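What you see below is based on every heavy atom in this structure, not just the backbone, and it leaves out hydrogens, waters and symmetry mates. Please read these numbers as outputs of a predicted model, since none were measured by experiment.
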There are 2 protein chains.
Amino acid sequence: MTSADTPLKPCHGPATEQDAPRRGRPRSEAAEHAIFGAVEKLMEDGVGLAELSIERIAAEAGVGKATIYRRWPNKEALLVDVVDRLEEPMPPLAGPTYRDDLISAVDYMRRRGLIKRSRWIVKSALGQMNSWPELKQTYHERVVRPRRELIRQIVRRGVEAGELRSDLDVELLCEMLIGPILLRTVLWDDAPLEDPDLPRQMIDAALDGLAAR
Amino acid sequence: MTSADTPLKPCHGPATEQDAPRRGRPRSEAAEHAIFGAVEKLMEDGVGLAELSIERIAAEAGVGKATIYRRWPNKEALLVDVVDRLEEPMPPLAGPTYRDDLISAVDYMRRRGLIKRSRWIVKSALGQMNSWPELKQTYHERVVRPRRELIRQIVRRGVEAGELRSDLDVELLCEMLIGPILLRTVLWDDAPLEDPDLPRQMIDAALDGLAAR
DNA sequence: TCGATACGAGACGGTTCCGTATCGTAACGG
DNA sequence: CCGTTACGATACGGAACCGTCTCGTATCGA
């Protein structure tokens with residue numbers, strides 16, 4: 001027993017500076033930046049989740065493996081933190097009408113879809129959903145659920161205001177409104193997302209219907 | 001050089017019986033069934049693509065590794081064949097109107113989405129798209145492209161008949177029509193697909209619009 | 001019957017990665 | 001100055017898997 005005497009804290013997550021002030025050399029914040037940066041660079045280079053090993057991350061970051069293991073117990077925990085870190089909060093919805101809110105919410109998803117890191121996480125998370133429950137849960141809680149909740153809230157506002165059809169299930173309404181943009185984001189990597197007017201087109205088309213008058 | 005004398009055919013794909021009739025013991029068709037069956041069972045058990053090793057497939061199939069390597073040069077080729085094999089042809093479209101065709105096409109996707117193997121492939125393929133070009137290409141050619149083409153064809157028919165809006169991009173029309181069903185299939189694993197009336201609801205909602213009158 | 005090939009099983013060397021431990025050095029508190 | 005902790009680097013044992021090869025056996029054509 002060599003390491004049982006040195007009570008390494010099980011320190012989940014990157015260095016949280018609270019706690020009792022450490023005595024020796026403090027954790028290097030630069031190392032942490034380098035680690036996160038390395039993961040993001042590898043993701044942007046199209047490295048698959050399977051090829052994303054701790055050793056490769058350490059090499060890319062110019063960091064010793066121990067520096068990673070000092071912060072996270074394993075690859076899984078690191079990636080959960082990466083997912084957690086990359087998601088920015090939803091934009092505030094201040095539109096005068098529910099339609100403006102819908103458009104800005106869809107535009108938020110469009111802009112997220114333009115970020116390669118973001119797409120990488122979606123796709124990788126999907127493939128690991130069944131065999132990696134913790135990533136699934138983190139992804140759902142941090143990404144999927146807030147978006148669904150936001151849309152649901154806007155839709156409910158529209159229904160209550162009598163401007164959205166009340167004969168349709170709210171869930172169905174939500175899916176009809178955000179399905180197309182997510183389709184472009186996740187499934188069709190060649191589909192264009194650059195047009196800033198795309199969300200307006202989509203929402204108006206969904207609201208007005210696709211049938212000719 | 002021991003194996004250079006025995007000219008093993010590079011035999012890509014599972015045993016194609018054409019060719020010159022082999023001389024020795026023929027390939028066991030049962031072994032092939034067992035191999036495909038094992039892959040499909042593992043997929044249904046939620047085993048991730050990364051955990052899907054040749055050794056595990058062989059063990060699950062009750063088959064020697066050599067029996068697999070005799071048919072495919074590596075795991076990649078095997079999985080490409082699995083993807084190729086699992087996709088059934090699109091249903092014939094004989095509906096009297098473009099709306100019927102739309103509904104039946106969407107219903108086809110709904111029924112595919114109920115099959116766990118099918119969902120597994122979608123999700124796994126998505127995560128490997130960047131780092132595994134051959135799987136990406138096979139998946140696109142065998143799954144994505146036919147479906148897009150089918151929808152595009154129906155939509156074009158509707159536009160030409162003057163029943164679908166002609167002021168919208170055809171691509172956008174397609175995405176609006178199939179986005180919701182794909183969203184349920186790929187992203188929300190808890191979303192219900194069982195209702196056989198779902199495609200009709202979706203298509204009619206998309207055609208009529210979501211705005212209250 | 002005999003040569004050829006396939007079969008299941010598994011040994012084999014090689015590779016990659018895991019997570020730990022150990023260097024010598026560097027940065028903090030007392 | 002000294003004890004403590006982190007740093008980058010790297011060695012280590014163990015595990016999993018790759019793709020090849022070799023068993024003894026089974027099944028075909030000639």
Side-chain angles (χ1 to χ4, degrees), chain A residues 1-12 14-17 19-35 38 42 47-79 131-132, chain B residues 1-12 14-17 19-35 38-39 42 47-79 131:
Chain A
M1 287 193 198
T2 62
S3 64
D5 316 336
T6 60
L8 271 180
K9 292 190 178 181
C11 181
H12 282 246
T16 49
E17 294 104 3
D19 286 323
R22 309 298 203 90
R23 286 210 325 193
R25 176 177 177 175
R27 296 260 170 97
S28 158
E29 194 148 347
E32 222 148 285
H33 266 87
I35 294 168
L42 290 171
V47 174
L49 182 54
E51 292 97 37
L52 206 56
S53 62
I54 291 280
E55 299 199 333
R56 191 161 176 183
I57 294 171
E60 178 75 38
V63 145
K65 285 169 59 178
T67 303
I68 296 183
Y69 280 108
R70 211 171 281 119
R71 292 168 166 76
W72 297 277
N74 48 45
K75 183 172 85 172
E76 285 70 30
L78 167 58
L79 283 192
S131 52
W132 191 344
Chain B
M1 287 195 198
T2 63
S3 66
D5 317 337
T6 59
L8 272 180
K9 293 191 178 181
C11 181
H12 280 246
T16 50
E17 295 104 3
D19 285 323
R22 307 299 203 89
R23 285 209 325 193
R25 176 177 176 176
R27 297 259 171 97
S28 157
E29 194 149 346
E32 222 148 285
H33 265 88
I35 294 168
V39 175
L42 289 171
V47 173
L49 182 55
E51 292 99 37
L52 207 56
S53 62
I54 291 280
E55 299 201 332
R56 191 160 175 182
I57 294 170
E60 178 74 39
V63 145
K65 285 168 60 177
T67 303
I68 295 183
Y69 280 109
R70 212 171 280 119
R71 292 168 166 76
W72 297 275
N74 47 45
K75 183 173 85 173
E76 285 70 31
L78 167 59
L79 283 192
S131 53

Report summary line: Side-chain contact check for A/Thr67: nearest option of D/dC7, C/dC18, C/dA4 is D/dC7

Requested in this report: Measure from CD1 on B/Ile54 to P on C/dT15 and round the result to the nearest Å.
Outcome: 20 Å

Report task. Would you tell me if any nitrogen or oxygen in the side chain of A/Arg23 comes within less than 4.0 Å of OP1 or OP2 on D/dT5? Result -> no

Query - Along DNA chain D (nearest heavy atom to each residue), the more 5'-positioned of B/Pro26 and B/Ala50 - result: B/Ala50

Requested in this report: Write down the distance between CZ (B/Arg27) and C1' (C/dA4), rounded to a whole number of angstrom.
Outcome: 13 Å

Report summary line: note: B/Glu32, atom CD; C/dA6, atom P; distance rounded to Å ~ 12 Å

**Report entry** A/Arg25 side chain near D/dC2 phosphate (N/O to OP1/OP2, under 4.0 Å)
**Finding:** no

Requested in this report: Classify the side chain of B/Lys65 and the base of D/dG19 as holding, or not holding, a donor-acceptor pair under 3.5 Å.
Outcome: yes

Report summary line: DNA chain D nearest-nucleotide lookup for B/Leu52 and A/Gly64: closer to the 5′ end is A/Gly64

Query raised in the report: Could you state the CD-C1' distance from A/Glu51 to C/dT15, rounded to the nearest angstrom?
Result: 15 Å

Report task. Whole angstrom is fine here: how far is it from OH in B/Tyr69 over to P in D/dT22? Result -> 17 Å

Query raised in the report: What is the distance from atom CG of B/Leu42 to atom CZ of B/Arg56, rounded to the nearest 0.5 Å?
Result: 6.0 Å

**Report entry** Rounded distance in Å - NE2 (B/His33) to C1' (C/dG8)
**Finding:** 19 Å

Query raised in the report: Atom CG of A/Leu49 and atom NZ of A/Lys75: how far apart are they, to the nearest 0.5 Å?
Result: 6.0 Å

Report summary line: From CG of B/Leu78 across to P of D/dC17 the rounded distance in Å is 15 Å

Report summary line: Taking C/dC18, C/dG8, D/dA9 as options, the one with an atom nearest any side-chain atom of A/Ala66 is D/dA9

Report summary line: Between CD of B/Glu55 and C1' of C/dT16 the distance, given in whole Å, is 14 Å

Report task. For the side chain of A/Asn74, starting at C-beta, report the closest nucleotide among D/dG19, C/dG19, C/dC7. Result -> C/dG19

**Report entry** Atom pair OH (B/Tyr69) and CD1 (B/Ile54), whose distance is rounded to the nearest 0.5 Å
**Finding:** 4.5 Å

Query raised in the report: Does a side-chain N or O from A/Arg70 land closer than 4.0 Å to OP1 or OP2 of D/dC7, or not?
Result: yes

Query - Spacing of B/Ile35 atom CD1 and B/Ile57 atom CD1 [to the nearest 0.5 Å] - result: 8.5 Å

Query - Out of C/dC18, D/dC7, D/dC28, whichever nucleotide has its closest atom nearest the side chain of A/Ser28 - result: D/dC7

Requested in this report: Given side-chain contact (heavy atoms from CB on, under 4.5 Å), test B/Ile68 with B/Lys65 step by step and report yes or no.
Outcome: CA-CA 5 Å; B/Ile68 295 183; B/Lys65 285 168 60 177; 5.8 Å; no

